[in-house]
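Have a look at the structure below before the remarks.
Reckoned from all heavy atoms, side chains included, excluding hydrogens, waters and symmetry mates. We count residues from 1, following the sequence as given.
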Amino acid sequence: MQLLSIAILALSVLVQTQGYRPKEDRSLIAEVGNATNQHITAQPCSSNATDFKNCYLTSTNAKDYPWGSPEIRYSAAGDPWGVHLTGPYADGRTYLVSWYTGGPTIMRNPTQPNTSALVTYASVQAAPSAAAPSGENRTFPGSIITYLRLYSDTALQNFSYLSPYIHHVVLANLTPSTTYNYQVSARDGNLAGNYSFTTLPLLAHGAPSPYPLRIGIMGDVGQTRNSSVTRDHMLSNSPQVVIHVGDNSYADNYHASNPNLYKLGGTNQQRWDSFSVLWEPLFSKAPVLNIPGNHEIESMGIKSSISLTTTSWSFPSNFPFQSYAARFPVPGSTAATFGNITASMYYSTVLGGVATLISFNNYIAFHPGSPQYKWAIKEFQKVDRTKTPWLFVQYHTSTYHTYTNHYKSMECFMSIWEDIFYRYGVDLVFNGHVHAYERTHPVYKYRRDNCAPIYVTVGDGGNIEGLYRNFVDGISSTKATYCEGFTASGQSPATLYYTNPGGWSSAGPRPDNCSTVTFQPASGVAGGPPVMCLNNTNPLLGFCQSSQPDWSALRDPSFGHAILDLLSNTTARFRWFKNLVGTKVAVDDVVLERQASCQNRRHRSRYLSSSS
């Protein structure tokens with residue numbers, strides 16, 4: 001009977017790894033040339049290294065700019081600062097410009113002003129063009145909001161924070177593929193500053209091709225000197241739009257009393273202000289598509305609750321994600337929703353009329369029946385691949401990676417969403433959270449599958465917490481792999497599988513019946529059995545592989561950013577640039593080609609009901 005039970009458990013694990021697959025022809029060459037067989041792991045650099053393309057530093061300076069440094073300083077006199085763009089909205093023509101005036105108030109029980117009657121403006125000017133022969137000169141009105149971080153923790157109440165004035169102006173119905181110079185209101189109402197950005201192309205009848213379309217991708221950026229290198233390198237690569245996969249300022253690493261005190265205790269909101277200054281050179285020039293990560297929750301010292309049944313958030317009763325929502329409204333936001341936390345948790349938009357981006361928040365409920373689940377299914381159902389042939393997904397926590405930090409912390413999420421990504425033919429999934437870089441081959445249920453998404457971890461933007469350098473298959477000081485030392489609540493993953501399947505770490509609210517431990521057969525490129533194995537299974541099933549898995553293409557614990565060039569409806573070029581190397585040479589460079597034989601990437605999919 002015991003052997004039969006073990007056999008049934010082993011069979012259930014194999015079913016998990018195989019998963020559901022629609023019965024369709026799915027042969028596809030997703031990676032062109034030698035990239036198909038690529039399996040690269042960066043090695044530690046030698047002490048006298050001069051070429052850093054294939055190695056990583058074992059120590060880096062990951063300290064934030066000290067408070068008051070010129071790189072993060074702003075004027076509280078009323079001039080605009082922290083200018084940043086969001087977009088495009090789903091219509092492809094609308095963008096949002098946001099900025100700050102004045103400075104914050106930090107004290108016990110500050111009074112929040114009524115800004116509902118205040119009006120702000122942004123003015124855009126474009127030179128004459130074929131689309132607009134007489135040029136454009138338009139002024140748009142907008143809104144001013146503030147937010148109040150009111151501490152309920154008595155030890156922090158003297159450090160409650162009232163934000164500067166936050167200005168939001170919707171720039172509606174701009175002309176595609178047009179460079180606009182723009183100015184924004186100072187506090188006295190006069191237009192100030194000299195900024196510019198170029199709207200994305202838009203596929204429409206009679207319009208020129210939207211290709212090539214260049215998308216920047218980065219995450220976990222923070223405000224260190226490494227962050228500013230990432231910023232400058234991204235700028236030099238001239239993206240038309242930037243996807244940022246969450247974890248912005250890392251303000252929650254600082255005590256509320258002092259923006260230089262790197263210590264938990266509330267969160268120092270002034271570090272959001274300095275972050276906005278540091279990133280203005282990029283964010284004011286290329287529109288950003290942001291999402292919340294764990295460092296945007298900021299629940300310490302305030303009234304905050306996130307659970308499976310929480311469906312809305314607002315000040316003063318329950319206000320996690322408060323600063324993020326006030327500062328970075330999502331595409332589609334209007335004056336009625338600026339600062340609305342619930343409205344800022346997830347969104348979908350279209351890039352250049354050819355690429356759909358669906359953006360999740362994996363830190364709020366994502367299970368069937370939840371508002372986010374119902375919304376996302378409707379968004380997938382709306383995608384028509386004959387109109388938007390590219391389909392991307394972003395959420396913060398990395399799913400497929402091989403680093404020890406946060407390893408397999410998304411197994412519950414993926415048990416719900418991986419089949420959906422596969423059925424709807426998602427091309428690429430962008431994640432952060434893991435402070436390193438890793439790109440996979442197309443992978444489904446831990447097996448290579450050329451019709452599955454490629455997963456990209458870009459949590460390497462430069463933040464103060466530094467890089468994660470240990471791979472699960474790396475050898476630790478105990479002469480065993482790091483994986484073999486894994487425990488949770490004193491139990492190994494192999495024990496948890498039998499005694500507490502939900503006992504491994506899990507990002508976001510987890511349903512009770514959602515397992516967090518999975519095991520797979522051997523797939524290490526160096527051969528050999530997996531590690532941290534279940535007992536008496538055939539084939540042998542392990543929690544980790546003993547070497548880089550065959551689904552992992554390239555992994556490197558270094559700071560950097562990625563560039564995705566969409567070249568046509570079927571071809572793209574993906575590159576990753578390492579800060580240590582610069583922008584002349586991409587450390588990871590792969591051409592992706594999609595062929596029509598993958599049915600999940602050809603037509604509108606109707607596999608799922610949004611009512612479940």
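When only modelled atom types and interatomic distance are considered, Thr356 and Thr388 share a side-chain donor-acceptor pair under 3.5 Å. Asp460 and Ser558 are not linked by any side-chain donor-acceptor pair at a separation below 3.5 angstrom, with hydrogens and angles left out of the test. Side-chain contact, Asp565 with Tyr211: no donor N or O sits under 3.5 Å from an acceptor N or O. His561 and Asn237 share a donor-acceptor pair across their side chains, judged by distance under 3.5 Å alone. Between Gln394 and Ser359, the side chains place a donor N or O and an acceptor N or O closer than 3.5 Å (distance only, hydrogens not considered).
Note that the CE atom of Met414 and the CD1 atom of Ile420 stand 10.5 Å from one another [nearest 0.5 Å]. The distance from the CD1 atom of Ile217 to the CG atom of Asn431 is 11.0 Å, given to the nearest 0.5 Å. Separation of atoms CD1 (Ile243) and CZ (Phe392) is listed at 7.0 Å; rounding is to 0.5 Å. In this structure, Leu85 CG and Trp99 CH2 are separated by 10.5 Å, a value rounded to the nearest 0.5 Å. Atom CG in Leu118 sits 11.0 Å away from atom OG in Ser185 (nearest 0.5 Å).
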- Item | Chi angles and distances behind the ring pair (Phe, Tyr, Trp, His ring centres under 6.0 Å) call for Trp417, Tyr373 | CA-CA 9 Å; Trp417 286 103; Tyr373 182 93; 5.0 Å; yes
- Task: With side chain to side chain donor-acceptor pair (under 3.5 Å) as the test, would you mind laying out the steps for Thr224 and Ser227 before giving the verdict?
- Result: CA-CA 5 Å; Thr224 70; Ser227 309; 3.1 Å; yes
- Task: Let me see the working for His84 and Phe328 under ring pair (Phe, Tyr, Trp, His ring centres under 6.0 Å), right down to the final yes or no.
- Result: CA-CA 9 Å; His84 56 281; Phe328 288 97; 4.8 Å; yes
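Counting heavy atoms from C-beta on, the side chains of Asn181 and Asn194 never come closer than 4.5 Å. At a threshold of 4.5 Å between non-hydrogen side-chain atoms, the residues Leu278 and Val221 do not count as touching. You'll find the side chain of Met218 stays beyond 4.5 Å of the side chain of Val458, heavy atoms only. Proximity of Met234 to Ile563: side-chain heavy atoms (C-beta onward) are separated by under 4.5 Å at one or more points. Annotation: side chain of Tyr455 is in contact with side chain of Phe421 (closest heavy-atom distance under 4.5 Å). In this structure, Asp449 and Tyr422 have side chains that are in contact, with non-hydrogen atoms separated by less than 4.5 Å. By the 4.5 Å heavy-atom criterion applied to side chains, Trp576 and Val456 are not counted as neighbours. You'll find the side chain of Pro389 reaches within 4.5 Å of the side chain of Val354, heavy atoms only.
With sequence neighbours excluded, the residues satisfying side chain to side chain donor-acceptor pair (under 3.5 Å) with Glu411 are Tyr446, Thr518. Judged as a ring-ring contact (aromatic ring centres under 6.0 Å, His included), and not counting sequence neighbours, the contacts of Phe283 are Trp279. For Tyr324, the ring-ring contact (aromatic ring centres under 6.0 Å, His included) test picks out no residue, with sequence neighbours left out. Among residues two or more places apart in sequence or in another chain, the salt bridge (charged side-chain N to carboxylate O under 4.0 Å, His left out) test is passed with Arg231 by none. Partners of Glu280 by salt bridge (charged side-chain N to carboxylate O under 4.0 Å, His left out), not counting sequence neighbours: none found. For Ser163, there are no side chain to side chain donor-acceptor pair (under 3.5 Å) partners at least two apart in sequence or on another chain. The ring-ring contact (aromatic ring centres under 6.0 Å, His included) search around His367 returns none, not counting sequence neighbours. Remark: Asp550 engages no residue in a side chain to side chain donor-acceptor pair (under 3.5 Å) (not counting sequence neighbours). Not counting sequence neighbours, the partners of Asp556 by the salt bridge (charged side-chain N to carboxylate O under 4.0 Å, His left out) test are Lys578. A search for salt bridge (charged side-chain N to carboxylate O under 4.0 Å, His left out) contacts involving Asp589 returns Arg573, not counting sequence neighbours.
With a 6.0 Å radius and a threshold of 12 heavy atoms from other residues, nucleotides or ligands, Asn34 has its CG atom at or below the threshold.
The salt bridge (charged side-chain N to carboxylate O under 4.0 Å, His left out) pairs that include a residue from residues 235-249 number zero, where partners must be two or more places apart or lie in different chains. Sequence neighbours left out, the pairs with a member in residues 326-340 that pass side chain to side chain donor-acceptor pair (under 3.5 Å) are Tyr100-Arg327, Tyr147-Arg327, Tyr161-Arg327, Asp273-Arg327, Ser323-Arg327.
Judged by distance alone, the side chain of Asn362 and the main-chain N or O of Thr397 form a donor-acceptor pair under 3.5 Å. Between the Tyr347 side chain and the Leu357 main chain, no donor and acceptor come within less than 3.5 Å of each other. Judged by distance alone, the side chain of Glu418 and the main-chain N or O of Lys445 form a donor-acceptor pair under 3.5 Å. Within the 3.5 Å criterion, the main-chain N or O of Ser143 finds no donor-acceptor partner in the side chain of Thr120. In this structure, His168 contributes its side chain and Ala326 its backbone to a donor-acceptor pair below 3.5 Å. With Asp427 contributing its side chain and Leu391 its backbone, the two residues share a donor-acceptor pair below 3.5 Å. Not a single donor-acceptor pair under 3.5 Å links the side chain of Thr178 to the backbone N or O of Thr199. Judged by distance alone, with hydrogens and angles left aside, the side-chain atoms of Gln223 form a donor-acceptor pair with the main-chain N or O of Ser249 at under 3.5 Å. In this structure, Arg385 contributes its side chain and Gly425 its backbone to a donor-acceptor pair below 3.5 Å. Judged by distance alone, with hydrogens and angles left aside, the side-chain atoms of Ser344 form no donor-acceptor pair with the main-chain N or O of Val330 at under 3.5 Å.
Between Phe321 and Trp313, the ring planes are perpendicular. Angles over 60° get that label, and only those under 30° would be called parallel. Classification of the Tyr250-His295 ring pair by plane angle, with boundaries at 30° and 60°, yields tilted.
For Phe366 and Tyr395, the gap between ring centers reaches or exceeds 6.0 Å.
Annotation for Leu566 and Ile215: closest pair CD1-CD1, 4.1 Å, computed over non-hydrogen atoms. Closest approach of Leu567 and Pro212 over heavy atoms only: CD2-CB, 4.1 Å. Heavy-atom minimum distance, Thr101 versus His167: OG1-NE2, 2.7 Å. The heavy-atom pair separating Gly582 from Phe577 by the smallest distance is O-CD2, 3.7 Å. Residues Ser348 and Ile358 share a closest heavy-atom pair of OG-CG1, 3.8 Å. When all heavy atoms are compared, the tightest approach of Pro331 to Thr86 is CD-CG2, 3.9 Å.
When each of Phe360, Tyr363, Phe430 is checked for a side-chain contact (heavy atoms from CB on, under 4.5 Å) with His396, only Tyr363 meets the rule.
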